[in-house]
There are 2 protein chains.
Amino acid sequence: MDSKIFNLKAKLEVYKAMTNGANFADCPVRDVIQGISGKWSSLLVMALAEKPYRFGELRRLVPDISQRMLTQTLHELQRDGYVHREVFPTKPPSVEYSLTDLGRSMFLPLQQLIQWAELNHDAVRDARAAFDANQG
Amino acid sequence: MDSKIFNLKAKLEVYKAMTNGANFADCPVRDVIQGISGKWSSLLVMALAEKPYRFGELRRLVPDISQRMLTQTLHELQRDGYVHREVFPTKPPSVEYSLTDLGRSMFLPLQQLIQWAELNHDAVRDARAAFDANQG
DNA sequence: TAGTGCTGGTCTCTTTTTGAGACCATCACT
DNA sequence: AGTGATGGTCTCAAAAAGAGACCAGCACTA
């Protein structure tokens, strides 16, 4: 991974635009954001924000995710500290996934974005329709 | 695109977890979220939130984006109504990209998430290190 | 006792998405 | 006449994602 994600000018400009004063020495923001902006990540965090779920439950909850991507995304979320994975010695063994404190903390701002999406999806849909109409 | 993104149970549960009362008939939230959760989308919105930029400026601002993905991502952001594209008849013609009102509106909650990332990247980095250490 | 199902995965193969880099036309400046 | 800047597109290779087979262990059933 390259830490020189922005050049100096970019650093300063985005810094100004975003933080109004926090430390921005290297640019880890993008790294963190990309960890939660995968195709399935936010969706799974959203689901787990309600309550813990087992692997199979999540698979049924999000019917169009492949088992492969479910495993992989949960693994990444666990690695980044958002999700806790616990195996119960039932037969067959069951695995429960839940949000950690960090995950719940991250969900708060994520939820804001989700709410925005909910309130503005009509505007986005209209914009798309208008754009597609103009492009033919 | 399939509108049956969640099954009924999922709909109700995520609905409860998220909205505390808004309408959730079909599930456009995911569609909107995925439009802004691409690898480069939020980064470009972040940049344009500060001020309008021209194509080449953006390319220099985000040095590790390919010209191909810059074109494509800006096109998608424009289609979804977040970004306005304006061509100026200079020689050679220059193209300026700027946020629309919708884009600025979306940036508000996005900024919350960015701020969270800024405040918590240490925790995420530590979680990753701990996870990787345990996995060997 | 043999068959079936459920658990949470992994492995392989194919398709889609992305990245790297060449190429393009036009005009200004040297 | 050559060089550079503009904002792209096109092609080809690499990476990521989707589809689906497979697996072990145990419970239940016929």
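Here is the naming used below: chain letters follow the sequence lines, and residue numbers restart at 1 for every chain. Just so we're clear, the structure is a prediction, and the values are computed from it rather than from any experiment.
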Tell me, do A/Ser42 and A/Ile36 make a side-chain contact under 4.5 Å, heavy atoms counted? no
Can you check whether A/Thr73 reaches A/Leu43 side chain to side chain, under 4.5 Å on heavy atoms? no
Where A/Glu57 and A/Arg54 come nearest, the two heavy atoms and their spacing: OE1-N, 2.7 Å
D/dT6 P sits how many Å from B/Arg54 CZ, rounded? 6 Å
Donor-acceptor pairs are to be reported for all side-chain atoms of residues 98-108 of chain B against protein atoms at under 3.5 Å, with residues two or more places apart or in another chain.
| unit_1 | atom_1 | unit_2 | atom_2 | d |
| --- | --- | --- | --- | --- |
| B/Thr100 | OG1 | B/Gly81 | O | 2.5 |
| B/Thr100 | OG1 | B/Tyr82 | O | 3.1 |
| B/Thr100 | OG1 | B/Leu102 | N | 3.3 |
| B/Thr100 | OG1 | B/Gly103 | N | 3.0 |
| B/Asp101 | OD1 | B/Arg104 | NH2 | 2.8 |
| B/Arg104 | NH1 | B/Leu99 | O | 3.1 |
| B/Ser105 | OG | A/Trp116 | NE1 | 2.6 |

Which of these, B/Leu48, B/Ile65, B/Val95, sits in a side chain to side chain contact (heavy atoms under 4.5 Å, CB included) with B/Leu58? B/Leu48
Strand-adjacent residues in residues 68-76 of chain A, judged by heavy atoms under 4.0 Å from DNA chain D: A/Arg68, A/Met69, A/Gln72
Can you name the atoms? Protein N/O to nucleotides 24-30 of chain D N/O, anything below 3.5 Å, with the distance.
none

When rounded to whole Å, the CZ to P distance for the pair B/Arg60 and D/dG8 reads 13 Å
Please identify the 5'-most and 3'-most nucleotides of DNA chain C with any atom under 4.0 angstrom from a heavy atom of chain A. C/dC6 to C/dT12
Answer yes or no: is there an ion pair linking A/Arg59 with A/Asp64, defined by an N-O contact shorter than 4.0 Å? no
Kindly write out the residues that satisfy side chain to side chain donor-acceptor pair (under 3.5 Å) with B/Arg85, not counting sequence neighbours, or none if the list is empty. B/Tyr97
D/dA16 P sits how many Å from A/Ile65 CD1, rounded? 17 Å
Which part of the nucleic acid, if any, lies within reach of B/Tyr97 when heavy atoms closer than 4.0 Å are counted: base, sugar-phosphate only, or nothing? sugar-phosphate
So which one's nearest nucleotide on DNA chain C is more toward 5', B/Pro93 or B/Ser66? B/Ser66
In one Ile/Leu/Val/Met/Phe/Trp/Tyr side-chain cluster, 4.5 Å: B/Val87, B/Val83: yes
Which atoms form the tightest heavy-atom contact between A/Ser41 and A/Gly35, and what is the distance? OG-O, 3.7 Å
To check you understand the geometry: which heavy-atom pair defines the closest contact between B/Glu118 and B/His121, and what is its length? O-ND1, 2.9 Å
Residues two or more places apart in sequence or in another chain: which of them pass side chain to side chain donor-acceptor pair (under 3.5 Å) with A/Arg128? B/Asp31, B/Asp80
Whole-Å distance, B/Arg59 CZ to D/dG4 C1', equals 13 Å
